[in-house]
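Structure, as structure tokens:
Heavy-atom basis, side chains included; hydrogens, waters and symmetry copies ignored. Whatever order the structure lists ligands and atoms in, that order sets their numbers, starting from 1.
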Amino acid sequence: MNTTALTSQTVIDVHLKHHWMQLPREVIVGNGAVERVAEISRRLGFTESALIIAGSKTYDIAGKRVKELLEEEQRMKVDTFLVKTATVKDVDAVVDKIRTLKPQVVFGVGGGTKIDVAKCSSAQQEIPFISVPTTASHDGIASPLSSIKGFEKPYSVVAQAPLAIIADTNIIMQAPWRFAISGCEDVIAKVTSVKDWQLAHEEKDEYYGGYAASLALMSAKHVMQNVELMQKENEEGLHILMEALISCGVSMSIAGSSRPCSGAEHLFSHALDVIKPNHAMHGEQCGLGTIMMSYLHGANWKRIRDILKKLGAPTNAYELGVEKEDILKALEMAASMRPERYTILNKLRLNSEAYEHLATTTRVI
Ligand SMILES: [Zn+2]
């Protein structure tokens with residue numbers, strides 16, 4: 001390295017070894033955005049072949065249109081592979097498909113699972129991936145992480161960032177409103193995940209990226225400030241939410257991990273996933289977690305709860321459709337879901353009584 005060029009940035013680089021940020025290159029959000037898929041594809045240099053990963057429903061909603069546009073406007077060879085779930089088996093099947101077809105690019109069209117499968121399999125085969133979300137339910141639509149069932153870890157692992165994100169609000173608006181509420185909650189969760197990251201930095205000397213943390217936190221604040229717009233059929237609100245979700249994804253790309261966007265509130269949600277699988281939505285579980293972890297951080301938990309209420313999101317066990325015992329069990333399990341991720345739970349090391357006090361005081365149970 002040229003020592004004369006030793007700026008503060010290079011010092012940081014030396015300290016971190018190589019801090020690699022993989023960011024999306026084209027992001028398009030808006031009504032009818034999907035209609036520009038051929039143009040985006042061309043700009044990125046994909047003019048020959050593509051593979052679309054979708055579910056049967058999301059294929060009808062958006063995948064079919066993507067295929068038509070690429071074939072008609074770009075004369076590309078476009079194959080489709082439909083998946084139902086996001087398991088290791090699904091990923092392996094798509095990897096096989098990629099090996100056989102050798103597409104230039106993979107499109108993930110859908111909500112969580114389809115995008116996760118497309119992201120993970122394309123990363124394994126080292127080919128680019130474009131995200132076409134059909135819902136706004138969580139930040140995985142823009143993040144470099146994917147959550148696959150059957151892997152050792154019950155949380156998301158780094159795969160690759162989407163090269164482009166095409167978020168058509170007209171399509172996303174057709175999904176049940178509950179999905180968007182869940183997305184708002186996944187963004188609001190950054191209030192506590194960033195606090196946990198700061199804590200890990202202060203107490204464990206963990207790497208802390210101020211820019212990534214600020215971006216995640218700003219997204220949460222932006223959604224909270226605009227909560228009045230977060231209503232069904234309100235396109236402005238949906239636009240704000242999509243941008244916030246994408247910014248959260250980018251903050252993870254900058255951090256190189258899920259750290260800015262996933263703290264104790266996510267660990268609580270991962271524990272609930274184990275206790276009551278496929279029960280409530282990811283964001284909804286994180287929402288309850290954010291209320292409780294805000295309390296532990298000494299933050300304004302009542303404000304979080306009031307905003308969730310305004311959104312029409314669940315704020316207690318009953319509304320989430322789980323038992324009081326499930327909440328307590330999840331709190332006790334949370335820290336062990338990911339032992340290396342230091343959060344407020346590791347700092348406080350509460351006992352069962354204290355967890356019950358926490359859940360009762362915040363009226364979650
Ligand atoms: Zn999340």
N, O or S atom of H266 closer to the Zn ion (ligand 1) than 2.8 Å:
yes

Verify the distance test for D139 against the Zn ion (ligand 1): any N/O/S atom under 2.8 Å, yes or no.
no

Tell me whether the Zn ion (ligand 1) has H282 as a neighbour, meaning an N, O or S atom of it below 2.8 Å.
yes

Nearest to the Zn ion (ligand 1), which N, O or S atom of D186 do we find?
OD1

Starting at NZ of K310, measure out to OG1 of T315 and round the result to the nearest 0.5 Å.
14.0 Å

Should K67 and D79 count as an ion pair when the cut-off is N to O under 4.0 Å?
no

Could you tell me whether H138 and F179 have their ring centroids closer than 6.0 angstrom?
no

Group every Ile, Leu, Val, Met, Phe, Trp and Tyr by side-chain heavy-atom contacts under 4.5 Å, then state whether Y355 and V322 land in the same group.
yes

